[in-house]
Amino acid sequence: MSTLRLALPDWLQARVQTASDMIFLDPDARMAWVLACCEQQVDAGTGGPFSAAVFDRASGRLLAAGVNLVEAEQCSILHAEMVALLGAQQVLG
């Protein structure tokens, strides 16, 4: 059996690490964080303005984030939402 590994951009890994201690109770704060990821994705030249995140509804904790990896990984299903959901599944087991 082969293993599939996705490489998130370094800047996104750092951004998620920084946010691991933050609580996003307000939906507007969550959306602002996701939109900032869109801007950074473009500024870093790692893809188009597409990002997504999964937050724990009760605690407001960021579970996972994703950006569009379709071109970077040459895989048509790796839209930002799918990448975020894959990450959340791994976090939650």
Side-chain angles (χ1 to χ4, degrees):
M1 180 182 327
S2 62
T3 301
L4 175 64
R5 295 192 188 276
L6 300 177
L8 295 176
D10 291 340
W11 66 262
L12 182 58
Q13 292 180 43
R15 193 172 185 87
V16 167
Q17 182 66 32
T18 301
S20 66
D21 295 331
M22 299 171 68
I23 301 296
F24 298 87
L25 292 177
D26 178 4
D28 290 335
R30 295 175 188 182
M31 198 66 219
W33 192 87
V34 171
L35 290 173
C37 288
C38 288
E39 291 177 11
Q40 195 161 359
Q41 171 86 328
V42 172
D43 292 345
T46 53
F50 308 104
S51 65
V54 178
F55 297 88
D56 180 85
R57 185 171 33 173
S59 71
R61 184 174 64 97
L62 174 67
L63 297 176
V67 292
N68 187 302
L69 298 175
V70 170
E71 290 185 16
E73 297 292 333
Q74 298 179 336
C75 182
S76 62
I77 65 168
L78 294 180
H79 291 265
E81 302 91 330
M82 298 302 294
V83 174
L85 289 172
L86 288 167
Q89 287 177 323
Q90 288 188 339
V91 167
L92 295 174

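Note that the structure is predicted; figures quoted are calculated from it, not measured. One is the number of the first residue; the rest follow in order along the sequence. Computed from heavy atoms alone, side chains included, the values below leave out hydrogens, waters and symmetry copies.
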For [X] and [Y], which heavy atoms make the closest approach, and how far apart are they?
X	Y	value
Pro49	Cys38	O-SG, 3.6 Å
Gln41	Pro9	OE1-CG, 4.1 Å
Leu12	Cys37	CD1-SG, 4.1 Å

Only pairs under 3.5 Å count here: list side-chain donor-acceptor contacts from residues 82-93, not counting sequence neighbours, and write none if there are none.
none

Would you check if Val67 and Thr46 make a side-chain contact, meaning some heavy-atom pair closer than 4.5 Å? no
Can you find a pair of side-chain heavy atoms, one from Glu81 and one from Phe50, that are under 4.5 Å apart? no
Are Leu62 and Leu8 connected into the same hydrophobic cluster when the rule is that any two of I, L, V, M, F, W, Y join if their side-chain heavy atoms are below 4.5 Å apart?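 Same hydrophobic cluster.
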In the single-linkage hydrophobic clustering (I, L, V, M, F, W, Y; side-chain heavy atoms under 4.5 Å), do Leu78 and Val54 co-cluster?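 No, separate clusters.
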From CZ (Arg57) to CG (Leu63), nearest 0.5 Å: 12.0 Å
With sequence neighbours left out, write down each residue that passes side chain to side chain contact (heavy atoms under 4.5 Å, CB included) with Glu39, or none if nothing qualifies.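 Listed in chain order: nothing, the list is empty.
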Without placing hydrogens or testing angles, list every side-chain donor-acceptor pair under 3.5 Å for residues 14-31, not counting sequence neighbours.
from	atom 1	to	atom 2	distance (Å)
Arg15	NH1	Gln40	OE1	3.0
Thr18	OG1	Ala14	O	3.0
Ser20	OG	Gln17	O	2.7
Asp26	OD1	Asp28	N	2.9
Arg30	NE	Phe24	O	2.5
Arg30	NH2	Phe24	O	3.0

